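Here is the structure we will look at, set down as structure tokens.
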Amino acid sequence: QYFESTRRAIKDHTCDAEEELGVIFVQCLEDSLSRCTIQSQDAHCIGRLQFALNNLRADPHSLLYLQAVASARFGLSILADYILHLLDSTEQPTQLMATGLNLARQLCSPPYDQQILFFLLKLLVKRRGTDVLNGLQPIYELRWLEERMLEHARTDEEIIPDYFVVIGDTYKSVRETVAQAILRESSAPLDDALNTLTGIPNMTKNSHAVLVLLALYREVTMRRAYADCARHVAGKTHDLLEEYFRSAPAFPGWAREIGSRLLNNSLTRKPNLPIVVTPGQSLQTRATAGVAVHVLLVIESAADDPLMRPFVYMLKQPAQLAQSFIPTMAED
């Protein structure tokens, strides 16, 4: 009654005014759904998703359609939290929530609006960052979400979520050449990438090595996150890449050693601080490892710089750094 009377009160009946009213109504209804006191939130989630599935094809100007939109948003919000729980644990979906995941799959597929899919992806990324999308494949009940995401990914957009895209288009092009080297089982794309980098002003061999090794971590080491060994880089391709990094004159010594360790998923020697990628790791653990790899490469590339020496000690010899005198301000 409130909605209908308010809509009649809009004298100009412009599209913008009606759309704004609809948005406010959906937000209020979604808030009221979240405040409901119920015994089973999972069952409530499934009930709302089922209601949305049944009514989202109603007249977009009708009250029923707006109720369906609010129900879909509410149900997908609960489902997003459950998906993150699955990614952080080794549990299998309960029968009840497996039904919820199936309802979400139907909502995120034609003939329903693709904005529903984008809303669910937005919820996941907002809560955990873009790397959350890398963990969908190992869970059978979530593979449809990755497939739908890739269907809508345009060729000029970032398809593989990557912490290192802050480096920009140069890094992206290097990463593509590493992927080509894996697909073609040839080191020729890597040579082409290094030749291209050589032509960029103010870039040293160490800078080239950092870009290539970051790409190697993303394209090779991170594949160890999949339980399916068929998706790992192994056999002829692995041997070819290892030989390339062992003997490539374009790489400094430190880069050749780290490249070999990244290929074998054994970056650190210290057993109490391993940087390895395994199936079932939490997204936070993988994110921390990614940051550690990035920091390690940057520090190694500038290890001879006196300003970087404290960071080198912090990474390699923390006990020695703890016994060192580091001048600071008095208030520190």
Side-chain angles (χ1 to χ4, degrees), residues 1-88 93-130 132-133 136 141-142 144-146 148-149 151-152 161 283:
Q1 291 177 351
Y2 170 79
F3 172 75
E4 294 294 350
S5 60
T6 305
R7 184 158 60 177
R8 286 194 298 269
I10 300 176
K11 296 180 180 180
D12 53 8
H13 286 283
T14 62
C15 292
D16 289 343
E18 283 208 48
E19 182 177 341
E20 185 176 353
L21 175 62
V23 170
I24 294 173
F25 179 80
V26 167
Q27 290 174 340
C28 291
L29 184 55
E30 187 180 356
D31 183 62
S32 67
L33 289 172
S34 64
R35 294 174 183 272
C36 290
T37 303
I38 54 175
Q39 291 184 347
S40 173
Q41 188 181 50
D42 294 350
H44 192 34
C45 164
I46 292 172
R48 292 296 92 197
L49 290 175
Q50 186 65 64
F51 180 85
L53 192 67
N54 293 339
N55 298 291
L56 269 176
R57 301 184 67 187
D59 179 3
H61 300 286
S62 68
L63 178 62
L64 185 62
Y65 176 80
L66 296 178
Q67 290 175 323
V69 171
S71 295
R73 289 172 59 91
F74 171 76
L76 291 175
S77 296
I78 295 178
L79 200 65
D81 289 332
Y82 185 72
I83 289 174
L84 294 177
H85 170 72
L86 288 179
L87 296 178
D88 286 340
T94 63
Q95 185 174 359
L96 190 62
M97 290 310 289
T99 301
L101 291 169
N102 184 53
L103 291 171
R105 179 185 61 78
Q106 295 178 63
L107 284 170
C108 293
S109 304
Y112 297 96
D113 196 307
Q114 66 181 18
Q115 292 300 322
I116 301 174
L117 170 67
F118 298 152
F119 177 73
L120 178 56
L121 294 175
K122 178 182 175 181
L123 289 174
L124 295 172
V125 171
K126 186 176 180 180
R127 286 165 167 77
R128 198 63 67 82
T130 56
V132 68
L133 304 180
L136 301 176
E141 289 81 1
L142 296 179
W144 63 267
L145 185 54
E146 183 184 53
R148 295 290 296 143
M149 176 184 67
E151 286 176 12
H152 288 279
L283 294 172

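Count residues from 1 along the sequence. These numbers were taken from a predicted model, which means no experiment stands behind them. Computed from heavy atoms alone, side chains included, the values below leave out hydrogens, waters and symmetry copies.
The side-chain heavy atoms of Asp81 and Leu123, taken from C-beta on, include no pair separated by under 4.5 Å. Proximity of Leu53 to Tyr112: side-chain heavy atoms (C-beta onward) are separated by under 4.5 Å at one or more points.
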Exercise for review: Report the C-alpha separation of Leu56 and Leu107 in whole Å, then their side-chain angles, then the decisive distance to 0.1 Å, and conclude whether the side chain to side chain contact (heavy atoms under 4.5 Å, CB included) test is met.
Suggested key: CA-CA 9 Å; Leu56 269 176; Leu107 284 170; 3.7 Å; yes
Review point. Where do Asn55 and Gln67 land on the side chain to side chain contact (heavy atoms under 4.5 Å, CB included) test, with the steps shown first?
Key: CA-CA 8 Å; Asn55 298 291; Gln67 290 175 323; over 6 Å; no
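Shown here for Leu64 and Ala58, the closest heavy-atom pair between the two residues is CD2-CB, 4.2 Å. Nearest heavy-atom pair, Trp144 versus Leu120, reported as atom, atom and distance to 0.1 Å: CH2-CD2, 4.2 Å. Closest approach of Ser77 to Phe119, counting heavy atoms only: OG-CZ, 4.3 Å. Here the closest non-hydrogen pair linking Arg105 and Asn102 is NH2-OD1, 2.7 Å. When all heavy atoms of Tyr65 and Pro60 are compared, the closest pair comes out as CD2-O, 3.4 Å. Between Gln50 and Leu103, the shortest heavy-atom distance links the atoms OE1-CD2, 3.3 Å.
Atom-to-atom distance recorded for Ile78:CD1 and Arg48:CZ is 10.5 Å, nearest 0.5 angstrom. The SG atom of Cys28 sits 11.5 Å away from the CG atom of Leu66 when rounded to the nearest 0.5 Å. To the nearest 0.5 Å, atom CD1 of residue Ile24 and atom CG of residue Leu29 are 13.5 Å apart.
With respect to Leu124, the side-chain contact (heavy atoms from CB on, under 4.5 Å) criterion is satisfied by exactly one of Leu76, Leu87, Ile83, Leu79: Ile83.
Using modelled atom types, one finds no donor on one side chain facing an acceptor on the other under 3.5 Å when comparing Gln27 with Asp31.
Residue pairs meeting the salt bridge (charged side-chain N to carboxylate O under 4.0 Å, His left out) criterion with at least one member in residues 65-79, sequence neighbours excluded: Glu30-Arg73.
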